[in-house]
Amino acid sequence: MADWSKTRFPGVRYWVSETRKHKGKPERCFVIRYKRHGKSITETVGWQGEGITPEYSAQLRGQITSNIKTGGGFQSLKEKRELEETRRQNKADERAALEKENTPFDVIAIQYLEWAKTSKKSWKDDQSRYNHHIKPTIGQTPIKDISIIGLENLKKNLQKKKIKNVIRTRSKTKLIAHKEKTLSPATVKHIIVLIRQIFNWAINRGLFIGENPVRQTGKADKKFLKTPDNKRIRFLSREEAKVLLDHLIEKKRYLVHDISLTSLYAGLRMSEIFRLKFSDLDFKHDLISVKDPKSGESRASYMTQPIKKALKRRYQESESKTGFVFLNTKGGQIKEMPNTFDRAVKELGFNKGVTDRRDKCVAHTLRHSFGSWLAIAGTPLPGIQKLMGHKKIETTLIYAHLSPSIEKQAVVDLAKWSPADVIEMETRKKK
């Protein structure tokens, strides 16, 4: 035990270290003594080398004894250090929060997209929308400066934004058309929703402290995220479908013909068709196994004889009996409907004079025709839902107006009555 030495200040003393040196001399360690609630307290203030002096120790002891008398402030060195640590931590938290608030949106967006690659099937769509439409506008904006007003302006600008629509021939370099079009309302909504998802992801992981500017609840937010009616209403008549398929055969566009045939008469989405492998085809039972579709559930689609004939021909001509059914010009998996489809539609004049994009014939029109024909034929909506692979019946309801209904038949029957019939019925009721 070291020997204590007094100083000229009451309650302040020190002991000398046998191992530590300060300016070539044995270093002193200062302590203070005071009473609290009738008990003697001894606490170490610190070493000379840390800048501790008898004067500072006496001043500190005086502050503690004064606080004990008044009942305020720190009443021990331990409490003082705890208060100082709390203040340091609060300042550090404030600095960290400020750094988070000033973090450019691009920083958290990049982290979100990395996470999405292993967690979302649609991560490529997210990445494309971010890189083309979000990053150039708010990518370098500090997170705290992104507000609902700013996003409303972004939405307006997106609605006016022109994007290039390039159509090329099979040649890699020859450009045959170069048009501009505006973003669809659905695309604009997807972009805003992506911003909301990035904020929610950052908030849940403590990367951003604050409120999501694109909140998920409230009338204002629903209105902000509301998408104008953008559903395709165009479908081909049976005659138009035959004209299209015959035209594609005549022009020897067999790839587009077989894709169109499969969508028209099996109701598959383009993405489902492009993912088809020969192992998904059951020629014995005339079934197509649709795996990993948009709804998240596998289903079976029925193979009509024309489809069976086309797919069987592809199977026989293919070198790989387990690979993809439809290949691009390089022999890889096809990713989108070839441009020859658009040329065929133009050559047939299907879109001539059409200005409303909902009325235009596009690749999706083929699948929409399948659903429309089912409804016209009187197929119950649950049956249409199953055949088309809709996850929700609400999606299938777009075909409801084409289905024969009791209400429609009642109106038709009513039109058959003559005024005399109506008068006679009213007379009978009175009797």
Side-chain angles (χ1 to χ4, degrees), residues 100-117 119-166 178-205 207-234 271 294 336 354-360 362 364 391-392 394-395 397-398:
K100 288 179 180 179
E101 289 180 346
N102 287 319
T103 299
F105 186 71
D106 189 53
V107 173
I108 63 169
I110 290 173
Q111 295 179 61
Y112 169 85
L113 292 173
E114 284 299 316
W115 166 84
K117 285 182 181 179
S119 305
K120 293 182 67 178
K121 292 180 181 179
S122 60
W123 70 269
K124 288 185 178 180
D125 293 331
D126 286 353
Q127 191 171 59
S128 177
R129 287 170 187 141
Y130 180 75
N131 289 336
H132 288 96
H133 307 297
I134 301 175
K135 184 173 183 175
T137 54
I138 63 172
Q140 295 306 311
T141 303
I143 306 175
K144 66 179 177 61
D145 295 335
I146 298 176
S147 64
I148 189 68
I149 296 176
L151 293 177
E152 285 175 347
N153 291 330
L154 172 62
K155 182 180 178 182
K156 291 177 182 177
N157 292 332
L158 288 172
Q159 290 168 337
K160 300 174 185 177
K161 185 176 181 179
K162 298 283 186 179
I163 58 174
K164 294 178 180 179
N165 184 24
V166 180
H178 186 176
K179 300 179 181 179
E180 286 191 336
K181 63 178 183 178
T182 56
L183 293 175
S184 70
T187 298
V188 173
K189 178 180 177 179
H190 286 317
I191 293 169
I192 300 300
V193 168
L194 175 57
I195 295 173
R196 182 179 72 185
Q197 291 172 342
I198 293 174
F199 266 105
N200 283 338
W201 182 87
I203 291 170
N204 291 337
R205 286 158 180 77
L207 300 176
F208 172 64
I209 302 173
E211 188 176 5
N212 191 333
V214 192
R215 295 177 298 277
Q216 294 185 351
T217 58
K219 294 181 179 179
D221 305 310
K222 291 179 181 178
K223 184 178 180 181
F224 178 55
L225 290 173
K226 184 178 180 181
T227 304
D229 186 7
N230 192 39
K231 293 185 177 67
R232 299 279 182 181
I233 58 177
R234 173 81 154 95
S271 59
K294 187 177 179 181
E336 59 184 9
V354 178
T355 56
D356 191 330
R357 66 188 307 275
R358 295 173 298 175
D359 291 324
K360 288 191 174 183
V362 295
H364 179 71
K391 190 172 184 179
K392 298 179 180 179
E394 288 80 7
T395 308
L397 290 176
I398 62 172

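In what follows, every heavy atom counts, from backbone to side chain, and hydrogens, waters and symmetry copies are set aside.
- A distance of 13.0 Å separates NE2 in His364 from CZ in Arg234, rounded to the nearest 0.5 Å.
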Review item, side-chain donor-acceptor pairs of residues 105-115, under 3.5 Å, at least two apart:
residue : atom : partner : partner atom : Å
Asp106  : OD1  : Tyr130  : OH           : 2.6
Gln111  : NE2  : Val107  : O            : 3.4
Tyr112  : OH   : Lys120  : NZ           : 3.1
Tyr112  : OH   : Asp126  : OD2          : 3.4
Tyr112  : OH   : Gln197  : OE1          : 3.4
Glu114  : OE2  : Lys117  : NZ           : 3.4
Trp115  : NE1  : Ser119  : OG           : 3.2

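- Remark: Glu394 pairs with no residue by the salt bridge (Lys or Arg N to Asp or Glu O under 4.0 Å) rule, at least two apart or across chains.
- Considering only residues two or more places apart in sequence or on other chains, Ser147 meets the side chain to side chain contact (heavy atoms under 4.5 Å, CB included) condition with Ile149.
- The nearest pair of heavy atoms linking Arg129 to Leu194 is CB-CD2, 4.1 Å.
- Between Pro213 and Ile148, the shortest heavy-atom distance links the atoms O-CD1, 3.2 Å.
- The shortest side-chain heavy-atom distance between His133 and Leu183 falls under the 4.5 Å cut-off.
- For the atom pair Gln159 CD and Leu154 CG, the distance stands at 10.0 Å (nearest 0.5 Å).
- Here the CD1-CG distance, from Ile191 to Leu151, works out to 12.0 Å after rounding to the nearest 0.5 Å.
- In this structure, the side chains of Thr103 and Leu207 stay at 4.5 Å or more apart for every pair of heavy atoms.
- Nearest heavy atom pair, residue Asp145 against residue Thr141, reads CB-CG2, 3.9 Å.
- The CG atom of Asn153 sits 12.0 Å away from the NZ atom of Lys155 when rounded to the nearest 0.5 Å.
- Two residues are said to be in side-chain contact when any heavy atoms from C-beta on lie closer than 4.5 Å; Lys189 and Ile192 fail this criterion.
- With His132 contributing its side chain and Ser128 its backbone, the two residues share a donor-acceptor pair below 3.5 Å.
- Looking at heavy atoms from C-beta onward, Thr137 lies out of side-chain contact with Asn157 at the 4.5 angstrom threshold.
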